[in-house]
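Reviewing the structure listed below.
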There are 2 protein chains.
Amino acid sequence: MPETSENGTGRAADSVVRRLSAKIQAGEYSDGTPLPPERLLMEEFGISRTVVREAVQALSKQGLLEARPRHRPIVRKPGYDAAISALETVVSHLLKNAGGVKNLFDTRILVESALVRQAAQQAQRDDIAALKAALEANEAAIDDSDEFYRTDRAFHALLYEIPRNPVLPALHKAYVTWLAPQWSRMPRLHERNKANHGAHVQILDGILMRDPDAAEEALRRHLEQAWTQVCETFGEDL
Amino acid sequence: MPETSENGTGRAADSVVRRLSAKIQAGEYSDGTPLPPERLLMEEFGISRTVVREAVQALSKQGLLEARPRHRPIVRKPGYDAAISALETVVSHLLKNAGGVKNLFDTRILVESALVRQAAQQAQRDDIAALKAALEANEAAIDDSDEFYRTDRAFHALLYEIPRNPVLPALHKAYVTWLAPQWSRMPRLHERNKANHGAHVQILDGILMRDPDAAEEALRRHLEQAWTQVCETFGEDL
DNA sequence: TCATTCCTTTGGTACGACCAAACTATGGGG
DNA sequence: CCCCATAGTTTGGTCGTACCAAAGGAATGA
């Protein structure tokens, strides 16, 4: 048995994928630079264009290349965001299944409640300051629903930044992206904006008081209410 | 702006991808059945084999097809496991960067500590029973390091099953898969087995006593010690 | 009935061609 | 001298064909 074969179809392309990704990681093809033309690559590697294209496609799916339709692939060292974009298509299918959205949202509750606990215990001064600023911006936007939605996201995003773990902001982005179809089609009511802002205040209060339980409690109420609102909008949406 | 363009290269294949995935989800191609031959597909969709292959490759990366090198692609309705396999290649690159493993492991601590809290508060009788059984198996395997490793994983896996959210077991599988390279190459010492088993006991104790703080505390100590051990083995492995 | 062998099917790769979009160089007008 | 329209070139996207080798199945013989 020669290899683990993580690839989709052939093997020859696989070798090229490895060699190319090695070159990319070695910096031989600089970040942000377009990859050489396919016709050059086929010459360089002694393969047909078929294989070159296959390899390029694979690498783009891996986030090492950013391939817009009619343009040269751009070399990209993958960040944690690339991971979520790799998940995008799969998740989109998953979310169509019954309970898919609920399952995803529940993990968000799980993660975010852990985050506020951690925030209550470990948040630094600048973290707190950022949260306060976000909260003020959130309050100022209560009358503008689009802006309120934006500042709402920004407030939650800060929670994911406090641990200084780059995985977490990417995760938040993922949540926002995947749950947006439900959220953004929900009616934006002034009342709800006020309630949500109030919930944010309670969360921050818990953090300020260094009370993980209170902070978590507030966060859970907040998110669960949000879920209830979504259910009211979409009915049987499991 | 016409489309989000999640694809790698062309656009024609994109259409085929959509039509194929629709057929798959509609059950027109049954789960477990091999996809029709490429030459048939190109006829059915009125496209060249190039595009067919491109689409097949894309679908296999999305987890809708399971494509072994020289075989017919097998139709698969993607589960939550498919998602993590889609992440595999990206993550493997990410883990090579400095701090990559640490970042991933930290998210595990975050999630798992939230899980034990939840377990302490909501675990049902059968959950507790399963945990006890797993713990006994773990104790019985203290002298057999391979077996101990297995039962260790099984114990932790149970924590991910308690919320009955299918995302979580998949996540645990992902953690195990991605952190395995570090873990499995670590020396298995009898002493450590005993210590780890003891940590498991403490975690379960916390759950049994319905004391989230104690359970979380024990879990964090356990995982952080595991990380320390990994660092001792690999040194500067950030 | 089972193992061997031969033939057909089918995926993997190569080569060549063409088109249209993207890029580049060129030249004219401000 | 700079900016912009234009022509020419590059280059990715698609198609068709051809060939090979492995997989799958059918026919054959023990």
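Every value quoted in this text rests on a predicted model; they were computed, and no experiment measured them.
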TODO: Starting at OG of A/S60, measure out to NZ of B/K61 and round the result to the nearest 0.5 Å.
DONE: 9.0 Å
Task: Interatomic spacing from CZ in B/R150 to CG in B/D152 - rounded to 0.5 Å - done: 11.0 Å
Shortest side-chain distance from [X], nucleotide among [options]:
X: A/E38; options: D/dT14, C/dG12, D/dG12; value: D/dG12
X: B/V51; options: C/dT13, D/dC15, C/dT10; value: D/dC15
X: A/T50; options: C/dC15, D/dC15, C/dG11; value: C/dC15

Give the rounded distance in Å between these two atoms: [atom1] of [X] and [atom2] of [N].
X: B/M42; N: D/dT17; atom1: CE; atom2: P; result: 8 Å
X: A/E43; N: C/dC15; atom1: CD; atom2: C1'; result: 15 Å
X: A/L40; N: D/dT11; atom1: CG; atom2: C1'; result: 11 Å
X: A/F45; N: C/dT13; atom1: CZ; atom2: C1'; result: 17 Å
X: A/R49; N: D/dT14; atom1: CZ; atom2: P; result: 11 Å
X: A/E54; N: D/dG13; atom1: CD; atom2: P; result: 14 Å
X: B/R53; N: D/dC15; atom1: CZ; atom2: P; result: 15 Å

Donor-acceptor contacts, no H, no angles, side chain residues 133-143 of chain B, under 3.5 Å, sequence neighbours left out:
unit_1: B/N138; atom_1: OD1; unit_2: B/H200; atom_2: ND1; d: 2.9
unit_1: B/N138; atom_1: ND2; unit_2: B/T151; atom_2: OG1; d: 2.8
unit_1: B/D143; atom_1: OD1; unit_2: B/H190; atom_2: ND1; d: 3.2

Quick one: which protein N/O atoms are closer than 3.5 Å to N/O atoms of nucleotides 19-25 of chain C? Pair and distance per line, please.
unit_1: C/dC23; atom_1: OP1; unit_2: A/H71; atom_2: ND1; d: 3.4

- [ ] Considering only NZ, NE, NH1 and NH2 on the basic side and carboxylate oxygens on the acidic side, decide whether B/R164 and A/D106 come within less than 4.0 Å.
- [x] no
- [ ] Decide yes or no, distance alone: a donor-acceptor N/O pair under 3.5 angstrom between the base of C/dG11 and the side-chain of A/R11.
- [x] no
TODO: Under 4.0 Å from any atom of DNA chain D, heavy atoms only: list the residues of residues 29-36 of chain B that qualify, in numerical order.
DONE: none
- [ ] Mind jotting down which residue pairs meet the salt bridge (Lys or Arg N to Asp or Glu O under 4.0 Å) criterion with at least one end in residues 23-37 of chain B? Sequence neighbours excluded, please.
- [x] B/K23-B/E28, B/K23-B/E44, B/D31-B/R76
Task: Within residues 166-181 of chain A or reaching into it, pairs that qualify as salt bridge (Lys or Arg N to Asp or Glu O under 4.0 Å) - sequence neighbours excluded - done: A/D81-A/K173
TODO: If a pair satisfies ring pair (Phe, Tyr, Trp, His ring centres under 6.0 Å) and one of its residues is in residues 57-107 of chain B, list it, with sequence neighbours excluded.
DONE: B/F105-B/W227
